[in-house]
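These notes are about the structure you will find just below.
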Amino acid sequence: MPTVTIDGRNIRVEKGATILDAARKAGIWIPTLCYHPAVSSDASCRLCMVELDRGDWRQLVTSCNYPVRRDITVYVSSERAQQARRGVMQLLLARAPESEELKALAERMGVQGTPYPNVTESQRNCILCGLCVRVCEEVIGCAAISFAGRGVERVVAAPFRQPSDDCIGCGACAAVCPVGTIKIRLHEDEQEIEISPFKSRRKLLTCEQCGAPIVSTVVSELAVDRVQMQFGQAKTDLTEFRERVRLCPKCRRSKSATRFGTVMA
Ligand code: SF4
Ligand code: SF4
């Protein structure tokens, strides 16, 4: 197992682990935005830069995708590494100036505002980290969104910038967006869920008992299909599973508690 020496601390990791893995194992904080353990790393935001000791010179590398194959020495809190990360944060702040999440991270890094002009309205407060695109493709398996346009016009969008039939309204992209750009909007009159800014809409499933919104109907149907495929009718009481899917978590818990006698009528 190779050893990563970070700011003088030795951390042993599996061969192929990243510098970021080593830092996290030792509780050393490196800021990240485009990194998520559930998807591939492409280091697009550059916020996790550290200095790698090359002997007679040091190189800035992105820690989230730098594989450790032998013993290496890294500096996370050197002046140059911190300056590099702060510079990146200033650029990102210009892209998403209203993001509370980004402002909080900038403050933690000691960055006060940005000297750069803000990007245009059409770029919609997006830092182009691509996390939503990777989650939609690699975890959900839909590939309903992707990068579109070039240069300053580059955005994340559904094909032809129209609502996509491939979107199942699962909301995973909104959950991982590190700057809060993607929102789940409920249209209660139409009983629909919308993934904004992609404009995709899906029918909304509401709780049979209390009427609380749960999830898009497509997602609930997929959940039933998957359970059926994985376990088969013989091993699973699908009727009961279908009933439970149509309840919100609170009503589901209350129903289970009643069944097992922990709630007195
Ligand atoms: S809500 Fe739509 S775009 Fe977002 S991850 Fe799910 S399928 Fe993809
Ligand atoms: S919408 Fe959010 S997750 Fe997607 S690229 Fe932009 S900042 Fe990243």
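What you are looking at is a predicted structure, and each value in this text was computed from that prediction instead of being measured. Each ligand, and each atom within it, is numbered from 1 in the order the structure gives.
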Practice task
Establish, from distance only, whether the side-chain atoms of Asn10 and Thr3 form a donor-acceptor pair under 3.5 Å.
Solution key: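 Result is no, nothing qualifies.
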Practice task
Check whether the side chains of Gln82 and Ser77 place a donor and an acceptor atom closer than 3.5 Å, and report yes or no.
Solution key: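 No - no donor-acceptor pair under 3.5 Å links their side chains.
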Handout entry: Pro97 and its side chain to side chain contact (heavy atoms under 4.5 Å, CB included) partner, picked from Asn125, Thr114, Leu102, Leu92
Key =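 Among the candidates, only Asn125 passes.
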Exercise for the section: Using a strict cut-off of 4.0 Å, indicate which atoms of ligand 1 neighbour a heavy atom of Ile195. Expected result: 1 (S)
Exercise for the section: Considering the heavy atoms of Cys173, write down every atom of ligand 1 situated less than 4.0 Å from one of them. Expected result: 1 (S), 3 (S), 4 (Fe), 5 (S)
Problem - Positive for side-chain hydrogen bond (donor to acceptor under 3.5 Å, both in side chains) with Glu194, one of Arg202, His187, Arg185 - result: His187
Problem - atom 6 (Fe) of ligand 2 neighbourhood, protein N/O/S only, threshold under 2.8 Å - result: Cys126 SG
Exercise for the section: Just grab all the salt bridge (Lys or Arg N to Asp or Glu O under 4.0 Å) pairs involving residues 27-44, residues at least two apart or on different chains. Expected result: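 Of all non-adjacent pairs touching residues 27-44, those that pass salt bridge (Lys or Arg N to Asp or Glu O under 4.0 Å) are Asp42-Arg134.
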For [atom], what is the closest protein heavy atom, and at what distance to 0.1 Å?
atom	answer
atom 6 (Fe) of ligand 1	Cys170 SG, 2.3 Å
atom 7 (S) of ligand 1	Ile168 N, 3.5 Å
atom 2 (Fe) of ligand 1	Cys167 SG, 2.3 Å
atom 1 (S) of ligand 1	Gly171 N, 3.2 Å

Problem - Those atoms of ligand 2 less than 4.0 Å from some heavy atom in Pro178 - result: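 Here the atoms of ligand 2 in question are 3 (S).
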Practice task
Measure from NZ or CZ of Arg24 to the centre of the six-membered ring of Trp29, then state whether that distance is under 6.0 Å and the direction lies within 45° of the axis.
Solution key: no
Exercise for the section: Examine Arg80 relative to Tyr75 and say whether NZ or CZ is less than 6.0 Å from the centre of the six-membered ring and inside a 45° cone about the ring axis. Expected result: no
For [X] against [Y], the heavy-atom pair lying closest together:
X	Y	answer
Val179	Glu101	O-OE1, 3.5 Å
Cys126	Arg95	O-NE, 2.8 Å
Pro159	Ser164	CD-CB, 4.2 Å

Problem - Residue Cys136, metal atom 2 (Fe) of ligand 1, N/O/S under 2.8 Å - result: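 False for Cys136.
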